[in-house]
Visitor: 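Once you've had a glance at the structure underneath, I'll fire off some questions.
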Amino acid sequence: MKKYLQYGAFTLAAALLFTGIQPATAQDSEQDGAKLYTALCASCHTPTPGKMMGKPVDGLVAGMEKVKNMESPTGPLIKMKAVLTPLTEAQIKNIAEYLNQLK
């Protein structure tokens, strides 16, 4: 499992480096949420994640925080935890806000 976490952390670092993603400000949170989602989430959840589109921000944040704080994730949750772990609360909220505005 440590190998998966190291790979996930490396993948995330590379994605952030190559896409130039920085912590978001209030003005560009939606745009940053879209960039973060595309760079980090869309490969597994698809570019248009039907089940998450339009969901309440608080519920989406809670779901991501639950995975981020899991002690022993299994299957695809291992990769998701590795992707979410280095993200700030603001970045997670930006992703949730982006998903919320999708129809």
Side-chain angles (χ1 to χ4, degrees):
M1 182 165 92
K2 186 176 180 182
K3 183 178 177 180
Y4 290 112
L5 291 176
Q6 289 174 336
Y7 174 75
F10 175 76
T11 302
L12 174 63
L16 291 173
L17 177 65
F18 291 120
T19 59
I21 294 173
Q22 301 293 322
T25 64
Q27 293 177 341
D28 57 5
S29 65
E30 184 179 308
Q31 184 179 31
D32 283 349
K35 288 179 184 178
L36 285 165
Y37 182 83
T38 300
L40 305 174
C41 311
S43 64
C44 294
H45 289 286
T46 75
T48 53
K51 291 182 179 182
M52 295 183 288
M53 292 168 55
K55 297 285 183 178
V57 171
D58 291 342
L60 292 165
V61 168
M64 287 186 272
E65 289 291 341
K66 180 178 178 181
V67 173
K68 181 178 179 176
N69 296 315
M70 280 185 169
E71 290 290 324
S72 302
T74 59
L77 295 178
I78 294 169
K79 181 178 178 184
M80 187 172 172
K81 178 180 172 72
V83 167
L84 290 171
T85 296
L87 296 181
T88 65
E89 289 180 23
Q91 289 171 318
I92 289 173
K93 186 174 181 183
N94 290 345
I95 293 170
E97 289 172 347
Y98 167 71
L99 292 170
N100 171 264
Q101 59 88 31
L102 294 176
K103 304 289 182 227

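In this chain, numbering begins with 1 at the start of the sequence shown.
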Visitor: In Å and rounded to the nearest 0.5 Å, what is the CE to CG distance from Met70 to Leu77?
Guide: 4.5 Å

Visitor: For Glu65, what residues pass the side-chain contact (heavy atoms from CB on, under 4.5 Å) criterion, not counting sequence neighbours?
Guide: Val61, Lys68, Asn69, Glu89, Ile92

Visitor: Between atom CD of Gln31 and atom CG of Leu36, what is the distance when rounded to the nearest 0.5 Å?
Guide: 11.0 Å

Visitor: As an exercise, state the distance from CG of Leu60 to NZ of Lys55, rounded to the nearest 0.5 Å.
Guide: 8.0 Å

Visitor: Rounded to the nearest 0.5 Å, how far does CE of Met52 lie from CG of Asn100?
Guide: 12.5 Å

Visitor: Closest approach of Pro73 and Ile78, non-hydrogen atoms and distance?
Guide: O-CG1, 3.3 Å

Visitor: So, taking the atom named NZ in Lys35 and the one named CG in Asn94, what distance separates them when rounded to the nearest 0.5 Å?
Guide: 11.5 Å

Visitor: Using every non-hydrogen atom in the two residues, find where Tyr37 and Pro47 come nearest and quote the distance to one decimal.
Guide: CE2-O, 4.0 Å

Visitor: What verdict does the side-chain contact (heavy atoms from CB on, under 4.5 Å) test give for Val57 and Lys93, after you've listed the backbone C-alpha separation in whole Å, the side-chain angles of each residue and the deciding distance to 0.1 Å?
Guide: CA-CA 7 Å; Val57 171; Lys93 186 174 181 183; 4.2 Å; yes

Visitor: Could you list the donor-acceptor pairs under 3.5 angstrom formed between side-chain atoms of residues 38-46 and any protein atom two or more places apart in sequence or on another chain?
Guide:
from	atom 1	to	atom 2	distance (Å)
Thr38	OG1	Ala34	O	2.9
Thr46	OG1	Thr48	O	3.2

Visitor: According to the ring pair (Phe, Tyr, Trp, His ring centres under 6.0 Å) rule, which pairs have a member within residues 49-76, sequence neighbours left out?
Guide: none

